[in-house]
Amino acid sequence: MFERLSKRIVCPAPPRTSVVVEQRTATLAGLPIPYTLKRSSKRRSIALRIDDSGLTVSMPLRAPEHWLNEVLQDRARWVIEKLNGWQARKQDAVIWADGEFIPYLGEQLTLRVTQGLQNIPAYQHENELLILVRKDISEAGIERGVIAWYKQQAIALFTSRVAHYADLLGVTPSEIKLTTAKKQWGSCSTRGIVRLNLQLIKLPLRLIDYVVVHELAHLREMNHSPAFWRVVESACPNYAKLRRELKSIGL
């Protein structure tokens with residue numbers, strides 16, 4: 001009689017993902033910057049992310065501290081610019097109600113909302129924007145009225161600035177269009193179509209002019225070569241400063 005033996009085969013469990021999260025502060029470009037550090041056994045590189053929660057750094061679980069510090073210092077300027085951009089967007093958040101403020105050409109206009117029997121186009125009076133809306137007033141209705149006014153102002157102003165700088169640069173754009181792109185202040189096609197972001201109408205005129213000059217310069221140099229930047233400088237001598245300012249705002 002033979003004894004039957006059974007063997008139990010044990011498969012190794014898959015490794016668990018280890019994640020360690022902690023709050024830290026680093027000195028970047030002379031400024032104390034708080035950030036969230038996430039260490040993960042799945043990561044093989046260091047990644048930086050900036051959103052409305054601030055700076056988050058993700059890195060391998062057992063990566064050395066000096067590697068983290070090197071990356072943070074190398075990206076310090078980028079971090080500061082992006083954080084400033086997020087802060088600017090937070091400050092620019094609009095509440096669509098009477099007495100609130102909206103940005104316009106680098107300044108603030110006070111919203112004045114009046115109820116009426118019908119909607120009429122918004123109009124500016126000194127430092128106020130007046131809107132007459134129907135009795136079924138809502139934030140969405142006020143917002144639509146303001147955006148329609150923004151578009152009207154943007155078309156008139158952008159057309160004027162394009163004409164001014166096109167003459168200085170000796171170029172002839174074929175068309176000017178408004179855009180609501182999420183990542184571009186402007187663009188210029190090989191067909192001469194200049195697109196300018198509606199959000200520019202909220203910024204100071206000097207930044208609008210820089211974007212206009214930048215896009216028109218592409219009608220002479222369809223690239224970002226040294227020759228291109230010389231064209232930009234011919235109409236906008238302080239373009240480098242304005243470019244940095246625009247980047248710090250973000251879109």
Gly30 backbone acceptor or donor facing Thr27 side chain under 3.5 Å: no
In terms of side-chain geometry, is the basic nitrogen of Lys241 or Glu245 positioned less than 4.0 Å from the acidic oxygen of its partner? no
In the structure I gave you, are the side-chain heavy atoms of Tyr35 and Thr56 within less than 4.5 Å of one another anywhere? no
Does the side chain of Trp229 reach to within under 4.5 Å of the side chain of Arg243, using non-hydrogen atoms? yes
Separation between CD1 (Ile208) and CG (Leu105), nearest 0.5 Å, reads 5.0 Å
Return the minimal non-hydrogen interatomic distance between Trp67 and Ser45, and the atom names on each side. CH2-CA, 3.9 Å
Apply the side chain to side chain contact (heavy atoms under 4.5 Å, CB included) test between Phe158 and each candidate in Val212, Leu200, Leu198; give the one that qualifies. Leu200
Could you measure the distance from the CH2 atom of Trp96 to the CD atom of Glu139? Nearest 0.5 Å is fine. 9.5 Å
Nearest heavy-atom pair of Ile131 and Ala122: which atoms, and what distance? CG1-CB, 3.7 Å
Starting from Leu68, can I reach Leu61 by hopping between I/L/V/M/F/W/Y residues whose side chains sit under 4.5 Å apart? no
Would you say Arg24 has more than 12 foreign heavy atoms packed within less than 6.0 Å of its CZ? yes
Test your reading of the model: is there a side-chain donor-acceptor pair from Ser41 to the backbone of Ser18, 3.5 Å cut-off? yes
Is there a donor-acceptor contact under 3.5 Å from the side chain of Arg220 to the main chain of Leu169? yes
Using side chain to side chain donor-acceptor pair (under 3.5 Å) as the criterion, list what pairs up with Arg39, not counting sequence neighbours. Glu65
Return the minimal non-hydrogen interatomic distance between Ala154 and Leu178, and the atom names on each side. CB-CD2, 3.9 Å
Where is the tightest heavy-atom contact between Leu48 and Arg75, given as atom of each residue plus distance? CD2-CB, 4.0 Å
Any side-chain to backbone donor/acceptor pair from Ser174 onto Arg191? Under 3.5 Å, distance only. yes
For Ile155, does its backbone N or O pair with a side-chain atom of Thr159 as donor and acceptor, under 3.5 Å? yes
From Tyr210 OH over to Tyr165 OH, what is the distance, rounded to the nearest 0.5 angstrom? 13.0 Å
Between Asn127 and Thr110, is there a donor-acceptor pair closer than 3.5 Å when you use the side chain of the first and the backbone of the second? no
Side-chain touch Cys236/Leu242, heavy atoms, less than 4.5 angstrom: yes
Any side-chain heavy-atom pair of Tyr150 and Lys202 under 4.5 Å: yes
Verify side chain to side chain contact (heavy atoms under 4.5 Å, CB included) between Arg77 and Arg244, making sure each step is shown before the conclusion. CA-CA 11 Å; Arg77 184 171 178 177; Arg244 289 193 298 269; 3.1 Å; yes
Heavy-atom donor-acceptor pair, His218 side chain to Glu221 backbone, under 3.5 Å: yes
CD of Gln199 to OG1 of Thr179: how many Å apart, nearest 0.5 Å? 10.0 Å
Starting from Leu168, can I reach Leu205 by hopping between I/L/V/M/F/W/Y residues whose side chains sit under 4.5 Å apart? yes
Among residues at least two apart in sequence or on other chains, which ones pass salt bridge (Lys or Arg N to Asp or Glu O under 4.0 Å) with Asp98? Arg112
Quick one: does Lys177's side chain get under 4.5 Å of Val194's, heavy atoms only? no
For the residue pair His214 and Phe228, is the inter-centroid distance of their aromatic rings smaller than 6.0 Å? yes
Can Lys38 and Glu22 be counted as an ion pair, charged N to O under 4.0 angstrom? no
What I'd like to find out is whether the side chain of Leu216 reaches to under 4.5 Å of the side chain of Val162, using heavy atoms alone. yes
Passes side chain to side chain contact (heavy atoms under 4.5 Å, CB included), Ile33 versus Ile80? Steps please. CA-CA 9 Å; Ile33 304 298; Ile80 299 299; 3.6 Å; yes
Take Glu215 and Trp185, measure what side chain to side chain contact (heavy atoms under 4.5 Å, CB included) needs, and give me the verdict at the end. CA-CA 10 Å; Glu215 302 311 331; Trp185 290 111; over 6 Å; no
Do you know the tightest heavy-atom contact between Leu28 and Gln73? CD2-NE2, 3.5 Å
If you measure from NZ on Lys151 to CD1 on Ile201, what distance do you get to the nearest 0.5 Å? 13.0 Å
Check whether Asn84 reaches the backbone of Ile249 with its side chain - one donor and one acceptor, N or O, closer than 3.5 Å. no
Would you mind reporting whether Phe101 and Leu109 have side-chain heavy atoms less than 4.5 Å apart? no
How long is the span from the CD atom in Glu107 to the CG atom in Leu203, to the nearest 0.5 Å? 12.0 Å
Are the side chains of Leu55 and Thr36 in touch, meaning some heavy atoms are under 4.5 Å apart? no
Can you name the nearest heavy-atom pair linking Ala76 to Ala29, along with the distance? CB-N, 4.1 Å
Taking the hydrophobic residues Ile, Leu, Val, Met, Phe, Trp and Tyr, and joining any pair whose side-chain heavy atoms are under 4.5 Å apart, which ones share a cluster with Tyr123? Leu130
Count I, L, V, M, F, W, Y as connected when their side-chain heavy atoms are under 4.5 Å apart, and connections chain through other members. Are Leu31 and Leu37 then in the same cluster? yes
If hydrophobic clusters are built by linking Ile, Leu, Val, Met, Phe, Trp and Tyr wherever their side-chain heavy atoms come under 4.5 Å apart, do Leu219 and Ile193 end up in the same one? no
Linked, directly or transitively: Trp78 and Leu72 (ILVMFWY side chains, under 4.5 Å): yes
